[in-house]
Amino acid sequence: MHHLKFLVILRFKLTQNNMSDIASKVRSIIVDKLGVDENEVTPEASFTNDLGADSLDTVELIMEFEKEFNLSIPDDQAENIQTVGQAITYLEANAK
Amino acid sequence: MRRVVVTGLGALTPLGNSVQEYWEGLVAGRSGAAPITKFDATRFRTRFAAEVKGFDPENHMDRKEARKMDPYTHYAMVTAEEAFRDAGLEGLALNGERAGVIWGSGIGGMYTVYHEFKAFFEGDGTPKFNPFFVPKMISDIAAGLLSIRYGFHGPNYTTVSACASSNNAIIDAFNYIRWGVADLFITGGSEAAINEPGVAGFNAMKALSERNDDPSTASRPFDLDRDGFVLGEGGGALILESLDHALARGARIYAEIAGAGLSADAHHITAPHPEGLGATLVMKNALRDSGLGPADIDYINVHGTSTPLGDLSEIKAIQNVFGQDAYQLNVSSTKSMTGHLLGAAGAVEAIASIKAICEGIIPPTINHFTDDPAFDPGINLTFNQAQNRTVRAALSNTFGFGGHNTSVVFKAYRA
């Protein structure tokens, strides 16, 4: 019983970590690829309007997310990922 | 036609990362060759090259920009920046519509092509090419990026003629200025082919020296034991201006371009014509264009790559063109020190020729150990030591695979 409780807590913590891991990985990819400052990478920040990305940068970002989180983002979904927050939400929902 | 002068220089070479360091290396007779550090060359026939050393593009541009450029473009941006500053153009209100960029690169983004292909072949067949793959790889992108950097709206493109590429760029820029199409150009060239396919490809042709036990003496043009060229890399940039434009802004003038020549061997894809037919023609064309005679030239910076056939046919050609006057010339191959910068060779050798005029010093052909009886000993090949000499005019040859020959004549500027 004691054991089980411990496992439940552990699992909860891991999931929490996974969630924040995704957000922090997304942020660090954006910082790396767009050469922006970490504090500019707010959830509302738009890649093109706020973070200086052009159309090729945006394609590269999506590809980096696919690589990092080992998934394939269909084009019609990728079109809807235009802000940092949208990227995190999509990846938290879809990353394995 | 209008007169054209050189007002700015920039260089990134195996001998040093500025014109000053490059020239000091040339005059001192240093070799830029050493074991390859850019990749593991253990299993390669040639395991040394003349690499650019201590260069980090991020010291010159932000990481985001650097990441989107192939190394050949890094070299272009950094050498152009030096030349632009050197010419005193920073902060000037230039007429961008009258300023252009013509750059030379024999190969372009080979590093980028190689790594993108490698990733694809190592994958499961799903293409994951980077969206910057094409704009990084194409050999014209350096010219495009330079126009963006400096706001130059005039003629803009890249010349590709293998190892003659940057001489072709300089010649085109020279022509557009003298014809009145533009007033100012950033020109020159860059190359970054010291990578696995670059070395292995030239090795397969048996074009490279394999003197692995002694890289610094491997490039030995005109020596009996020469066994091929040493692969180099880097870039050279020149600011060319119409004389009027330069005078109007009080620019310092290094030298004037007197004329240029072009020709083709029409003989073989890689081997030079054995009698130096194309090389003879190109020097004749350059002299005719410059209005100078053989006796007016003091120095020839030869193509002289240190290959058995190439060196021979070029000296034959010089003797064809200069006759008795050949014995009054200083001839040297600075590739003995820099290695062969391929598409950037013309640009860095133009700089060597211009500095020879400005400084009154002929950079040497180093690594001469054994005379080759095939060469007329009356020709002064400037072996091993720089020589002092007043240089009124210098001719710079570069020849490329495909049989492309180019020759540019620089002369001391006189009002």
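All chains are named by letter (A, B, ...) in the order of the sequence lines, taking the proteins before the strands, and each is independently numbered beginning at 1.
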Would you mind checking if B:Glu196 and B:Lys118 are paired as a salt bridge, meaning a charged N to carboxylate O distance below 4.0 Å?
no
Looking only at the side chains, is there a donor atom on one of [X] and [Y] sitting less than 3.5 Å from an acceptor on the other?
X	Y	result
B:Glu82	B:Ser18	no
B:Glu81	B:Tyr150	yes
B:Trp103	B:Ser190	yes
A:Asn80	A:Tyr90	no

Angle between ring planes, B:Phe117 versus B:Phe121, binned at 30° and 60°: parallel, tilted or perpendicular?
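Perpendicular: the ring planes of B:Phe117 and B:Phe121 meet at over 60°.
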Report, in residue-number order, which members of residues 45-61 of chain A are under 4.5 Å from chain B by heavy-atom distance.
A:Gly52, A:Asp54, A:Leu56, A:Asp57, A:Val59, A:Glu60
Contact class of B:Phe129 relative to chain A, heavy atoms under 4.5 angstrom
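Looking at B:Phe129, just its backbone touches chain A.
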Under 4.5 Å to a heavy atom of chain A? For B:Asn130 that would be both
Under 3.5 Å, side chain of B:Asp70 to main-chain N/O of B:Thr112, donor-acceptor pair present?
yes
For A:Lys67, which atoms come within 4.5 Å of any heavy atom of chain B: side chain, backbone, both, or neither?
neither
